[in-house]
Amino acid sequence: MSSSSSLAARTLLSPAATPVPRRSVRPARCSGSGGAAAVETAAAGAKVCTVSNRGDSLPICRVLNGMWQTSGGWGRIDRDAAVDAMLAYADAGLSTFDMADHYGPAEDLYGLFINRVRRERPPELLQEIKGLTKWVPPPVKMTRSYVEDNINRSRKRMDVSALDMLQFHWWDYANPGYLDALKHITDLKEEGKIKTVALTNFDTDTLQIILENGIPIVSNQVQHSIVDMRPQRRMAELCQLTGVKLITYGTVMGGLLSEKFLDTNVSIPFAGPPLNTPSLQKYKRMVDAWGGWSLFQALLQTLKKVSVKHGVSISTVAVRYILNQTSVAGSMVGVRLGLSEHIKDTNAIFSLELDEEDMNSITEASNKGRNLMDIIGDCGDEYRA
């Protein structure tokens with residue numbers, strides 16, 4: 001990454017709309033064997049995608065419940081209310097949960113939740129539910145015992161014999177220890193402690209190195225939204241060639257891609273909704289890098305026109321657009337468990353079909369901003385400046 005890109009990356013880390021009728025949408029169950037590959041067209045309306053590599057495969061719901069919001073900064077999480085909320089999402093057909101070892105109590109909440117499912121729900125629902133976690137280790141020597149101890153800790157917290165998916169993150173590519181870690185993780189998969197091996201926030205070149213070393217990666221979780229189209233620049237091409245899928249986060253930009261921020265000016269104190277969560281603050285910096293608030297308002301106006309046409313929300317359109325992109329298996333929608341819920345809007349994503357006019361108008365609005373590849377670098381480079 002260039003020096004200007006490094007500077008940009010460091011900086012990045014550092015009136016009511018007219019009501020419209022909503023579609024009546026039945027809960028879309030994310031069940032079934034999943035098939036051999038992702039269905040990536042809006043017309044197909046796929047609710048499940050199977051991510052796979054060699055003999056490893058895992059069917060996941062194409063809209064995942066993201067649990068970063070349990071880590072603090074979004075409001076106090078009540079344990080019992082959070083588990084109740086997880087059950088409500090699962091009962092509504094939204095049965096894939098994404099978490100990490102460092103997302104506060106996320107893994108522990110999943111353990112409580114899955115035990116309630118075992119006791120209180122039919123076996124068919126238990127089969128549908130998937131818990132995806134991440135491991136984000138410090139840059140220490142990746143010995144077999146160190147890796148295994150950390151994986152066992154997540155298994156214990158989540159109360160599962162095998163992790164459905166382990167998504168691995170590494171801070172410094174100059175340190176080749178990531179290959180040692182991934183080889184140990186693959187061995188643990190072969191021993192039945194992990195079902196599928198995946199990555200999070202890896203760039204295209206390093207993903208290729210990992211695949212060339214025989215690691216059976218099924219997916220790479222990356223930031224991807226209408227504002228941040230970097231995964232479609234290089235990563236998606238490699239994914240098409242290798243079968244690796246993308247799981248996306250930041251797809252509704254912490255809520256910025258919503259009616260709440262349409263026709264607002266957040267630069268004037270108290271004039272607009274407060275940017276009072278870590279995700280809103282993070283993605284506002286992305287907006288600034290992409291083109292600024294005025295251009296973002298033009299994008300929201302485009303999304304509003306599409307949303308009114310289909311009787312859905314702006315956020316629903318934003319997620320559907322990314323699900324239609326090359327190699328995208330699923331997109332994350334963050335859940336503030338016990339504090340708020342958006343089950344109806346989320347389930348509307350599955351039945352929404354964006355036509356060619358819709359897709360072209362959104363792409364045109366997106367392309368008016370800067371290419372973030374030129375400013376930040378490839379996927380995940382914002383974490384390695």
Side-chain angles (χ1 to χ4, degrees), residues 15-31 38-49 61-66 85 88-96 224-227 229 248-264 272-273 280 283 295-325 328 330-336 339-368:
T18 302
V20 296
R22 297 297 179 90
R23 289 183 177 183
S24 177
V25 181
R26 290 188 302 166
R29 300 226 64 82
C30 289
S31 60
V39 179
E40 295 173 347
T41 62
K47 302 175 183 67
V48 174
C49 170
C61 191
R62 293 204 72 199
V63 180
L64 300 88
N65 304 312
Y89 277 94
D91 287 338
L94 302 167
S95 51
T96 300
H224 196 354
S225 69
I226 297 170
V227 165
M229 295 295 291
T248 76
Y249 66 87
T251 307
V252 296
M253 303 189 72
L256 288 177
L257 288 170
S258 69
E259 285 80 2
K260 182 177 181 179
F261 288 92
L262 179 64
D263 297 327
T264 64
L280 284 172
Y283 295 117
L295 193 60
F296 184 68
Q297 286 298 308
L299 172 61
L300 285 179
Q301 290 287 355
T302 298
L303 294 173
K304 183 61 179 177
K305 290 177 183 177
V306 176
S307 73
V308 169
K309 171 181 171 181
H310 294 281
V312 297
S313 69
I314 286 176
S315 59
T316 297
V317 174
V319 177
R320 182 74 257 180
Y321 180 84
I322 295 302
L323 285 175
N324 289 356
Q325 301 302 311
V328 173
S331 291
M332 205 86 58
V333 175
V335 290
R336 299 177 67 179
L339 300 173
S340 63
E341 63 89 9
H342 38 69
I343 290 172
K344 184 178 178 180
D345 278 349
T346 302
N347 262 328
I349 296 165
F350 297 116
S351 58
L352 175 59
E353 297 183 12
L354 298 178
D355 59 31
E356 185 176 358
E357 180 185 14
D358 300 329
M359 293 294 293
N360 288 342
S361 67
I362 297 169
T363 298
E364 181 180 356
S366 173
N367 287 342
K368 288 180 180 177

As an exercise, state the distance from [atom1] of [X] to [atom2] of [Y], rounded to the nearest 0.5 Å.
| X | Y | atom1 | atom2 | value |
| --- | --- | --- | --- | --- |
| Leu262 | Leu256 | CG | CG | 12.5 Å |
| Ser258 | Leu303 | OG | CG | 10.5 Å |
| Met359 | Asn324 | CE | CG | 4.5 Å |
| Asn367 | Leu299 | CG | CG | 11.0 Å |
| Ile314 | Leu257 | CD1 | CG | 8.0 Å |

Gln301 side chain near Asp263 side chain, heavy-atom distance below 4.5 Å
yes
Please enumerate all residues that pass side chain to side chain contact (heavy atoms under 4.5 Å, CB included) together with Glu364, with sequence neighbours excluded.
Lys368
Give a yes or no on whether the backbone of [Y] and the side-chain of [X] come within a donor-acceptor separation of less than 3.5 Å.
| X | Y | result |
| --- | --- | --- |
| Arg62 | Leu323 | yes |
| Thr316 | Asp345 | yes |
| Asn347 | Gly93 | no |
| Gln297 | Phe261 | yes |

Shortest non-hydrogen contact from [X] toward [Y]:
| X | Y | result |
| --- | --- | --- |
| Val306 | Ser361 | CG2-OG, 4.0 Å |
| Val63 | Thr346 | CG1-CG2, 3.3 Å |
| Arg320 | Leu352 | CD-O, 3.1 Å |
| Ile322 | Met229 | CD1-SD, 4.0 Å |
| Glu259 | Ser307 | OE2-OG, 4.2 Å |
| Phe350 | Cys61 | CZ-SG, 3.7 Å |

For Lys305 and Asp358, run side-chain contact (heavy atoms from CB on, under 4.5 Å): C-alpha distance rounded to whole Å, both residues' side-chain angles, the deciding distance at 0.1 Å, then the answer.
CA-CA 9 Å; Lys305 290 177 183 177; Asp358 300 329; over 6 Å; no
Is it true that the side chains of Thr248 and Ser331 contain a donor and an acceptor less than 3.5 Å apart?
yes
Tyr321 side chain to Thr363 side chain, donor-acceptor N/O pair below 3.5 angstrom
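Yes, because at least one side-chain N or O of Tyr321 sits under 3.5 Å from a partner of the opposite role on Thr363.
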Looking at Lys309 and Asp355, does any basic side-chain N land under 4.0 Å from a carboxylate oxygen?
yes
Let me see the working for Val317 and His310 under side-chain contact (heavy atoms from CB on, under 4.5 Å), right down to the final yes or no.
CA-CA 9 Å; Val317 174; His310 294 281; 5.6 Å; no
